[in-house]
Amino acid sequence: MPTLSVFTDVPMAQKLEGSLLKTYKQDDNPNKMFLAYKGFPGGTKVPTCQCRRLCMTSEGRPWVSSVVRKTRKQIAQDPSLNYEYTPVMGMKSFIQASLNLLFGKNSQVIVENRAGGVQTVGDSGAFQLGAQFLKTWCQNSQIVYIVSAQKEPHGLIFQDMGFTVYEHTFWDSAHLCLEPNMLLDVVEHAPHGCVFVIGSIGNCQLTPHQWTQLMTLMKSKEIFPFFDIPYQGLSTGDLEEDARFLHYFVSQGFEFFCSQSLSKNFGIYDEGVGTLVVVALNNQLLLRVLSQLMTFARALWLNPPTTGARIITSVLCNPAMQGEWRQSLEGVVENVMMTKEKVKEKLRLLGTPGSWDHITEQKGSHSYLGLNSQQVEYLISEKHIYIPKNGRINFTCINSYNIDYITSSINEAVCFTKDSEK
């Protein structure tokens with residue numbers, strides 16, 4: 001007699017890869033390209049999962065810092081290594097090195113011993129942990145605003161926790177820029193005591209007056225900031241500059257959480273290494289918060305993995321290796337900016353209508369092309385170039401092999417839609 005399965009009524013979940021990647025995989029055109037997140041040479045087999053924010057080499061492979069490869073080998077061959085379980089908080093040396101990287105070893109918040117952290121499984125683990133804490137201990141802060149240069153996946157985490165979530169981007173598609181006033185407007189209309197998850201704020205280029213205005217508004221409304229720093233050093237090439245905005249909030253006496261991912265800027269995407277950083281008003285409050293976070297971490301993953309954390313700690317605690325790593329970040333950013341300049345110049349030489357200065361004015365490897373939905377659809381359907389509806393692409397996917405095809409296709413898409421409007 002057959003036994004009825006308890007899983008009989010469980011439906012197949014929708015694939016996480018997204019409709020754009022699914023369409024790409026079904027396209028048999030040999031010149032197809034996927035520029036949304038991860039780049040693949042035409043015809044190259046695509047992984048089954050969609051990757052986010054990878055930096056690619058000119059050969060279409062994920063970028064890894066050269067110092068990481070050497071460090072990984074050294075760790076693997078170290079006979080003295082202890083493979084015991086790590087504490088629930090994570091590796092203390094890793095957490096301290098991460099905090100020093102974020103704030104600076106001699107920063108006010110480090111010296112006063114009121115910044116700490118818990119090692120997490122990537123940035124999603126940091127948001128999961130932070131959301132759990134806020135849900136339990138900040139019950140008057142059940143409204144979350146997620147504000148960034150693009151739509152972020154963190155909203156699903158907060159929604160699943162029962163928060164009311166509002167999502168906003170500060171990309172102004174009409175003027176083709178990241179508009180600080182859009183961020184200020186959201187803060188101005190937000191309710192008292194809510195949580196603000198803020199990403200890419202360093203790219204928003206606020207003036208000193210706007211910084212003052214932003215922090216004054218947030219303080220008066222007792223808004224709790226939860227920052228997202230997913231790739232420190234890969235925005236400007238300067239690690240300190242990419243995290244400088246945190247010093248504004250520290251100097252004004254803010255308490256906050258910060259999701260710090262170190263997978264992307266070291267090129268160890270498969271390790272999922274992150275930290276939930278906590279800044280409190282004093283050490284006593286910090287220790288209380290960390291104790292509660294460890295309680296939640298114990299239930300979520302108990303002991304975080306160590307391989308990625310060991311690699312990062314080894315690099316950050318060795319001045320020579322850290323210097324080599326910093327140079328590798330500068331190299332990536334220089335290549336991205338060079339690619340953007342080439343794209344802009346080729347569009348100019350092709351006589352593509354409009355100004356393309358916005359391409360080089362944006363920081364980081366992922367930037368908006370400034371195309372409308374009709375132009376994006378033309379690239380996908382006619383040229384087999386797959387990009388998101390918002391036109392934000394990974395510029396490290398563009399190389400000497402495909403740049404001419406991509407720029408001529410953009411020119412064709414813009415000219416075609418201009419002609420159709422007449």
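Sorted pairs that involve residues 208-227 and meet salt bridge (charged side-chain N to carboxylate O under 4.0 Å, His left out), not counting sequence neighbours, are lacking altogether. Residue pairs meeting the salt bridge (charged side-chain N to carboxylate O under 4.0 Å, His left out) criterion with at least one member in residues 166-175, sequence neighbours excluded: Lys151-Glu167. Applying the side-chain hydrogen bond (donor to acceptor under 3.5 Å, both in side chains) test to every pair with at least one member in residues 81-99, sequence neighbours left out, gives these pairs: Gln96-Asn100. Among residue pairs with one or both ends in residues 322-337, those qualifying as salt bridge (charged side-chain N to carboxylate O under 4.0 Å, His left out) are Lys70-Glu324, Glu240-Arg326; sequence neighbours excluded. Residue pairs meeting the salt bridge (charged side-chain N to carboxylate O under 4.0 Å, His left out) criterion with at least one partner in residues 268-278, sequence neighbours excluded, are Arg72-Glu271. Judged as a ring-ring contact (aromatic ring centres under 6.0 Å, His included), the pairs with a partner in residues 330-361 (not counting sequence neighbours) are, in order, Trp356-His358.
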For the pair Ile406 and Leu35, evaluate side-chain contact (heavy atoms from CB on, under 4.5 Å) and give the outcome as yes or no after the intermediate values.
CA-CA 10 Å; Ile406 290 171; Leu35 307 184; 3.9 Å; yes

Please evaluate residues Asn402 and Met33 with respect to the criterion side-chain contact (heavy atoms from CB on, under 4.5 Å), reporting the C-alpha separation (whole Å), side-chain torsions for both, the decisive distance (0.1 Å), and the verdict.
CA-CA 9 Å; Asn402 59 25; Met33 299 177 193; 3.4 Å; yes

Working for side-chain contact (heavy atoms from CB on, under 4.5 Å), residues Thr275 and Phe94
CA-CA 9 Å; Thr275 310; Phe94 165 73; 3.5 Å; yes

Derivation of the side-chain contact (heavy atoms from CB on, under 4.5 Å) call for Leu183 and Ile201:
CA-CA 9 Å; Leu183 171 61; Ile201 190 173; 4.0 Å; yes

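In this view, Arg69 satisfies the salt bridge (Lys or Arg N to Asp or Glu O under 4.0 Å) rule with no residue, not counting sequence neighbours. Considering only residues two or more places apart in sequence or on other chains, Arg244 meets the salt bridge (Lys or Arg N to Asp or Glu O under 4.0 Å) condition with Glu241. Contacts of Trp211 classified as ring pair (Phe, Tyr, Trp, His ring centres under 6.0 Å), with partners at least two apart in sequence or in another chain: Tyr248. Remark: Lys383 pairs with Glu412 by the salt bridge (Lys or Arg N to Asp or Glu O under 4.0 Å) rule, at least two apart or across chains. Remark: Glu179 engages no residue in a salt bridge (Lys or Arg N to Asp or Glu O under 4.0 Å) (not counting sequence neighbours). The side chain to side chain donor-acceptor pair (under 3.5 Å) test applied to Gln142 returns Lys135, not counting sequence neighbours.
Side-chain atoms of Gln119 never come within 3.5 Å of backbone atoms of Gly90 as a donor-acceptor pair (strictly under, hydrogens ignored). Between the side chain of Arg114 and the backbone N or O of Val279 there is no donor-acceptor pair closer than 3.5 Å. Looking at Lys32, its side chain does come within 3.5 Å of a backbone N or O of Tyr24 through a donor-acceptor pair. Remark: the backbone N or O of Leu184 is not paired with any side-chain donor or acceptor of Asn181 at under 3.5 angstrom. A side-chain donor-acceptor contact under 3.5 Å links Thr352 to the backbone of Leu347. Thr207 places a side-chain N or O within donor-acceptor distance of the main-chain N or O of Gln210, the cut-off being under 3.5 Å. A donor-acceptor pair is defined here as one N or O able to donate and one able to accept, closer than 3.5 Å; such a pair exists between the side chain of Ser263 and the backbone of Val273.
The distance from atom CD1 of Ile387 to atom OH of Tyr368, rounded to the nearest 0.5 Å, is 12.0 Å. Note that CG of Leu101 and CD1 of Ile312 are 9.5 Å apart. Values are rounded to the nearest 0.5 Å. The CD atom of Gln74 sits 8.5 Å away from atom CG of Asn318, with the distance rounded to the nearest 0.5 Å. For the atom pair CG of Asp78 and CD1 of Ile75, the computed distance is 8.0 Å after rounding to the nearest 0.5 Å. Rounded to the nearest 0.5 angstrom, Lys342 NZ and Thr360 OG1 are separated by 14.5 Å. Note that the CE atom of Met89 and the CG atom of Leu276 stand 11.0 Å from one another [nearest 0.5 Å].
For Phe224 and Phe254, the ring centers sit 6.0 Å or farther from each other. Phe127 has its ring centre less than 6.0 Å from the ring centre of Phe226. The ring of Phe196 has its center no closer than 6.0 angstrom to the ring center of Phe227.
Between Arg348 and Asp357 there is no salt bridge, since no side-chain nitrogen of the basic residue lies less than 4.0 Å from a carboxylate oxygen of the acidic one.
Residues Cys194 and Phe163 fail the side-chain proximity criterion, which asks for heavy atoms closer than 4.5 Å. Contact annotation: the side chain of Leu102 approaches that of Ile229 to within less than 4.5 Å [non-hydrogen atoms, C-beta and beyond]. Counting heavy atoms from C-beta outward, Phe249 and Leu214 have side chains that approach closer than 4.5 Å.
When only modelled atom types and interatomic distance are considered, Asp242 and Thr236 share a side-chain donor-acceptor pair under 3.5 Å. Checked by atom type, the side-chain pair Ser373/Lys389 shows no donor-acceptor distance below 3.5 Å.
Taking a 6.0 Å sphere around OH of Tyr166, one finds it holds 12 or fewer heavy atoms contributed by other residues, nucleotides or ligands.
Scanning all heavy atoms of the two residues, the minimum distance from Ile359 to Leu369 falls at CD1-CD2, 4.2 Å.
Using bins of under 30°, 30° to 60° and over 60° for the plane-to-plane angle, the ring pair Phe133/Trp137 lands in the tilted bin.
For the pair Lys264 and Tyr231, the NZ or CZ position fails the cation-pi test of under 6.0 Å to the six-membered ring centre and within 45 degrees of the ring normal.
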